[in-house]
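A short write-up of the structure that comes next.
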Amino acid sequence: MVLLESLVNGLIQGSIYALFAASFTIIFGVMDIPNMGHAALFAGGAYVFYQVTMLSGLPWPVGIVAAVVVIGALGAIVERGLLAPLYDRSESEYVFGVILLTLGLARIFERAFAQIWGHEPHSVSLAGLQRGSLEAFGVSVTTLELLVVVFSIANFAVLYWLINYTNTGLGLQAIVQDRDLARLKGVNVSRTFLVAFVLGSAMAAVAGVMNAAMFSLTPDMGASLLIKAFIVVILGGIGRVLGAAVAGYALGVYEAFAILYLSSYYIYASEFAILILFFLAKAVLLDEGEENLGAVLVDRVRGLRGVAR
Amino acid sequence: MALLEVNDLERTFGGIVALDGVTFDVASGETNVIIGPNGAGKTTLFNCITGYHIPDHGTVRFQGTDITSTPDYKTARTGIRRTFQEVDVFDELTVAENISLGAFESSPREMMELLDLLDIHDKEGSELTLFERKRVSLALASEGELLLLDEVFSGLNPTEKPAMVGYLDALAERKTLMLIEHDIETAFDLADTVTILAQGQVMKRGTPEEMLDDETVREDFLGEMAI
Amino acid sequence: MTRELLTVDDLHVSYGDMEVIRDADLNVPAGDVVAIVGANGAGKTTLLDAVAGVKAIDSGDVRFDGESIVGEEPFERIDRGLAYVPERHRIFPEMTVRNNLQTAMIPAADVSRDEQLDRVFDLFPILRDRQSQVAGTMSGGQQQMLAIAQGLVIDPDLIMFDEPTLGLAPKIVEDIRDTIVDISESGVTVLLVDEQIRMAKQVSDRMYLMRKNTLQYLGERGEFEDAYQNAVDQVLE
Amino acid sequence: MSTDTASGVAGEQIDGDLERIEWQSVARSVGITLVLGLLAIPLVSASSYVGYTALLVLVFAVMASGYNLMLGWPNLLVFCPAALAVIGGVTSALLVNVFGVPYLLAMLAGGVVAAVVGSLVALSAIAIGSSFEIIIATLAFEEIVYYLFTNWGAVGPTGISGIPAPAIGPVTFETQVAQYLFLLAVLTVAVAVVATFDRSLVGTLAVATSENEDLLRSIGYNPTRYKFVSVVVGALLLGVGGSLYAHVNGLITPGGFTLDQTVFLLVIAVVGGLRTVHGPIIGAIILVGLPEVVRTFGLSDMKPYIVGGMLIVVVLFLPRGVLGGLYDRLGNGGDRSWRFWR
Amino acid sequence: TGVLGGGGGGKIKLGAINPLSGAAAFYGELATETQTAWKNRINEDGGIDVDGTQREVSLVEYDDESNNSAARSAAKRLATVDNVAMILSSWRSTGAIAIAPIANDNEIPTFTHGFTPEVNEPGSYMMRMTVSTVMDAYPALRQVQQSDDIQNIGVIAETGDWGDDTLALMDWWFDQPDNDGGYTELGRFSFSQQDFSSYITKAKRAYNNDNIDAVYVQTWASAMQRFIQQQAREGLNEQMPILTGLGGADYNSIDEVGAAMDNVYALGVYTRLAYADNPAIAETLSEDALSQFEEYKGLDAPMHPTAFNVYADAQAARQGIAEAGSTEGSEIRDALVGTEITTLLGKTTINDRGQPAIPGSLIKFGADGDSAVVEDVAWSGQLPPITSIPPNVDL
Ligand SMILES: Nc1ncnc2c1ncn2[C@@H]1O[C@H](COP(=O)(O)OP(=O)(O)OP(=O)(O)O)[C@@H](O)[C@H]1O
Ligand SMILES: Nc1ncnc2c1ncn2[C@@H]1O[C@H](COP(=O)(O)OP(=O)(O)OP(=O)(O)O)[C@@H](O)[C@H]1O
Ligand SMILES: [Mg+2]
Ligand SMILES: [Mg+2]
């Protein structure tokens, strides 16, 4: 009973992580852009929705469309205007550059949201979905929570299809590996990247609306989710859409159960410890496609021992 | 005693058998050329000798000591140096700096003189032409006793190849060389012995003349251009 | 009169202040194999890059099948049937062999994918066996085969090879040579950059020498021997 | 000698001895720091507030110098400098407060403990290998340090307060000018460490690891070693910086050393110029000083725009940071490490 | 322009450190607006009477970015560059620790909202009118003691200092021989927690197993609201009361929580003012407080409990300066400590450690259709100035 309920809680919590991570996967996981401004796009979508529905009184579908369009356009401007000039840089310059630049953007956006809409939490209503609820086996979930689960799964499904079964997805993978060669092989580099970034932004906008409807709307609404999303995407394996989905839900479920059994301070600490161990284990066991575990282990241990040389 | 003794080396990658029981010796001062089809395991053999990869089975002995599982940076210090199939130099360092990093005992100047690099000593790695890069990477690799050179001629044009042969001849006076090569003509010019590797196995070893005399070798491995 | 499939007129290309190609004219008749030979750094790769649309040109004209393609993006040129196999087995190292081929087919809207895959797999059976291997873990020569397959898989009208036999074993070089002859016979036009020269002589119908940034016409099939010797002398002097 | 003149090649450029460090150039770097630092004293003593800001600049410059060693040379994306700094700070604060250890000893102990922890971080980061996984794993490590400290009675969420000012023997650096001089001395030592590292073979090899590990291994060097040394030395400086922070402020709270602080240090290092000896100092002046300028002009409201805008401009137009950009402009490659024998 | 430091004869310079950006920015903005409204009112009235001369007030405000270092530099700047007579408000606890040495060294009386035993040392220049988390829990614990239905409570608290102190208080309280009942720790969560369903599940399990009869939740307002909403959605409110403290900080958005407030006990200190229309609540407010609140309503200041509190700080500052007849920090402090201060919150005294004894009440909410209503005042009286755990004041 409690277990079932915790499982449901975990899945819902996981869906929230997954919801945020889904749009982040394409921008960070696939396109290799560590976008620190993603939380701002997320909140921005919700603010546009708030403006259109709660302040201007238009129906909610208009709000969704407006959020998608405005944030998608914003994404396009950011990608074309600010990120594109960095693509040719060496790896470390690129990573630092993108992190700092999007951090700067995040500051600007957060401040702008606060100045326009205030710091106080707003509540938004999404077609009254918060109210309706379903009950089965003594566990109740709201319609909105269900929708969030469905939406995040649908997001991942679309992404999975897009990355693995479409030209755009193939092109994306190619660009990330070797931009010049991708162009030479006829991938429309600027369009593909633009499309993907805009798609990621638009997905973030819708996710933001849902998150705001579930909880409340503040300028820094996505901040705490951003780091989880980083974890989820990397845990799932860069570029692996399904991996990110699984990691998102795993994290949610882990937290839900950890609350039941672990002294609460250690939930997050243990989460992070597990994460580090996971990376270490993965590095040792699955060394870039090598399947000879023994040899890899020996290699690694030797590499470390070499320090003392 | 042979300088290098390779005994029954095996290495697989997943289901792919790259080396399948390779055994041979290289005597000190000898220039040994390894030829064979693409994917035969030549590069993997170099990787296993240097310790870049650890073989699944078999041993590598250098100057009588077992170095099978010695990591690559240590084998480099004991006297086995190599070049990579993808020519590599440090792009952000100048030629002189590159070579100073590679040289432990001998003087960088000597090496640069030998390889005609003095004139370009202050060009950065990223500014070099292919031939220059090849020479710098050769210089980086030339400190050891035994030099493993992976396709040093590939991509060089007909005027550059003879020059490269000249450099290698000069090196061969002092060092033991193993070359992986697809350019049969040039390679056989240099070779004291030739090893044919195919499907991870040593097919035949012998002098260049013996190879050219062998009908099946000619047909299967040398191609008509070598004739 | 044969139709000129590719024409380059008065082409100038530079890197920064350095002019790498000066006043180059090139005619590639449909169905022929045209070879360009020349020393390292002469500008051959740059010429192909310019024709493929990955390197911007300073001035001049590039026409494909009669139409100017200057300013077009590479994907537009590929869609016209212009394939390019760049030098030194440039492939996508972290993708599988199959995905490498699929990626190459993205801009070629009208080819039948499975058929094309089958065709290149027949040409390079090793690639069929290694379809799901991560391309970067293949041997150098295998990667070169993949690079060539990437060019062929779009069923082009004109294919440009930049040193296609680099790093390939002699037997495979012969296979590639035969392949070039085969595809040429099936109507595909080939523009070949080769340093080995020997192969260029064997397969080409027309030959150019790239020397000190200029392109010099060496002659038609049958006239090569003298012209070639001349050219080599010039290079060596 | 005659061949030299004949081919126009100076002997030193070619026969450079990698094991030999050019102390002259190290001394130059240190000298510049010291002279400019001393020249600024009138500013410090004239206004106590400028002086206070100057102390912060020096403290952050020490920390960022340490961080720069990890980021700039081997390009290891270690994301837990704040954790290493707080470890140093807490160690030194507890040693002084609880055990009455003399400050200088406590400061060194802070550095050493941070370095020991840093060595574990380094080994893990090297084993993990992939950049983004290193980022997340080290971020996670930072969180763990935060949880452990907030949960540990001796520190707790409100941290340690009432930490005495730095002192050497009987001399306590109470006044701002005194503290400034002490911090300047420590920073000078830090600059000496970084410059020596930079001009040494180890530093050059650390750079080489970021370029091509396989090639490095093939010529007999173990990249692990040079990455390791960079991180450990960096951690040492971070620990010392954390100790300075604790004793200058009299307070250290775990909450002040989380992601925000890490990002702040990252921004200082990158804005100043990665892989430059003086970059972190320039970065600290800009990033600690900027908010004060903003305040002075009554633009507090605009600060996020100003800081955000500055980050964007730096990234777009000065990718190698202010100092790196300056060196590029001057065209002399500045103190790029591998120019070690020029 | 004649603006000299606190000691001169021109305007009285007061400093303000408010979080205008970062996590607590919402409160910082409220503070700014309220302080500005207060200052304008004072200056319209001719200023503060300092030893016979009417002097106007000027405010120097800095953003602490919700961050300790920034708070510290701001305090330093106010103390050394601006030479202010007093500093008003700093939202956060660790921020208060960061600025305490500066306030003390420079003898600048500082009103802070942070709960921090560390700064509440004898002779401290750091003072406050706000209730602390520990004081927060006090009426709830009294309620547990008095109620027959509630014996054991489940406690859910933030990770961090406030949560720690809450748990410490619980330990101490239930250890006292006179206090029966007990508590179970149900979990800690971070400040930015959005989803509480797992905690509620855990509480529900404890409730169903008869281990607890109510939950006590310690957190800030927005998170509290989410908690209440989620618990109501689980249909749990009717059975299991939520006790919460929070000084009643901002249940002004109760409209948004609506009927979910059913069966919630919340401590009202400044919130009460928002329900002053309710006769039961009005009972708990003094005449002075009510009339001052009427005055407040005439200002252009936010109708928000946090704003009421900021205003009370400012009122206290005014009283201190006027009574001291000086802008000397030490004299203002002497005038403030131990004196009865009248603000819109009622009559308050601040002890030598800077801790207030302040009136408050525990309000029990119920539901009326879709909206929440005040059902009952469960407790009313003076909250003791708890300065340490165990409290050195008899509760
Ligand atoms: N890391 C790896 N993972 C998987 N397979 C590998 C790996 N390295 C090599 N192989 C496979 O092992 C075989 C031998 O490769 P190797 O590179 O040694 O060939 P080679 O003889 O050097 O060929 P070439 O002449 O083309 O360079 C090939 O089939 C190759 O695909
Ligand atoms: N990206 C670049 N930036 C600057 N100069 C370049 C660049 N690429 C090539 N060059 C220069 O342009 C000239 C022509 O180079 P290109 O690669 O076209 O010659 P190539 O004939 O293909 O030579 P190879 O036989 O070595 O392939 C060379 O001098 C080269 O240094
Ligand atoms: Mg090979
Ligand atoms: Mg070329």
Side-chain angles (χ1 to χ4, degrees), chain A residues 28-32 80 84 87-88 91 159-196 233-234 236-243 282 286-293 295-296 299, chain C residues 45 48-56 72-96 98-109 111 113 130 132-138 143 146-154 156 160 162:
Chain A
F28 173 54
V30 180
M31 297 166 75
D32 247 358
R80 284 293 84 197
Y87 293 149
D88 292 334
E91 193 200 320
L159 282 183
Y160 185 75
W161 168 80
L162 184 91
I163 302 305
N164 295 296
Y165 296 100
T166 67
N167 283 341
T168 310
L170 217 52
L172 267 181
Q173 294 180 40
I175 296 169
V176 171
Q177 280 181 41
D178 187 338
R179 236 186 155 71
D180 294 336
L181 182 61
R183 173 148 182 268
L184 187 149
K185 285 286 153 207
V187 178
N188 189 340
V189 173
S190 53
R191 203 198 59 194
T192 307
F193 244 43
L194 184 63
V195 165
V233 169
I234 293 173
I238 295 267
R240 302 234 173 94
V241 174
L242 284 188
K282 184 176 150 218
L286 298 170
D287 181 40
E288 294 128 33
E290 291 255 15
E291 284 171 42
N292 186 334
L293 293 188
V296 173
D299 265 358
Chain C
T45 300
L48 296 199
D49 281 352
V51 171
V54 285
K55 175 84 188 87
E72 282 187 1
E73 275 291 303
F75 64 88
E76 295 168 279
R77 304 186 194 209
I78 292 172
D79 197 30
R80 286 176 181 274
L82 174 63
Y84 179 23
V85 177
E87 69 186 330
R88 226 153 282 136
H89 55 78
R90 301 258 318 262
I91 50 155
F92 299 108
E94 282 153 43
M95 268 188 198
T96 60
R98 194 185 174 86
N99 275 352
N100 262 283
L101 294 170
Q102 299 269 18
T103 304
M105 285 191 282
I106 291 176
V111 301
R113 313 215 141 185
R130 300 288 176 84
S132 51
Q133 186 173 350
V134 175
T137 65
M138 294 202 302
Q143 293 183 23
L146 176 59
I148 293 172
Q150 277 191 322
L152 291 174
V153 79
I154 61 168
M160 304 191 286
D162 197 354

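A, B, ... follow the sequence lines: proteins, then strands. Residue 1 opens every chain.
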With chain A as the partner, which of [options] has the greatest number of non-hydrogen pairs under 4.5 Å?
options               : value
C/Q102, C/E76, C/R90  : C/R90
C/N99, C/V54, C/V85   : C/V54
C/G151, C/P93, C/A83  : C/P93
C/V134, C/I78, C/T103 : C/T103

Between [atom1] on residue [X] and [atom2] on residue [Y], distance to nearest 0.5 Å:
X      : Y      : atom1 : atom2 : result
A/D178 : C/I91  : CG    : CD1   : 10.0 Å
C/Y84  : A/L184 : OH    : CG    : 6.0 Å
C/D49  : A/D180 : CG    : CG    : 9.5 Å
A/L170 : C/M95  : CG    : CE    : 5.0 Å

- request: Mark yes or no for whether A/K185, through its side chain, and C/F75, through its backbone, hold a donor-acceptor pair below 3.5 Å.
  value: no
- prompt: Does the A/R183 side chain pair with the main chain of C/E73, one donor and one acceptor, at a distance under 3.5 Å?
  reply: no
field: Contacting region of C/A52 [heavy-atom separation from chain A under 4.5 Å]
entry: neither
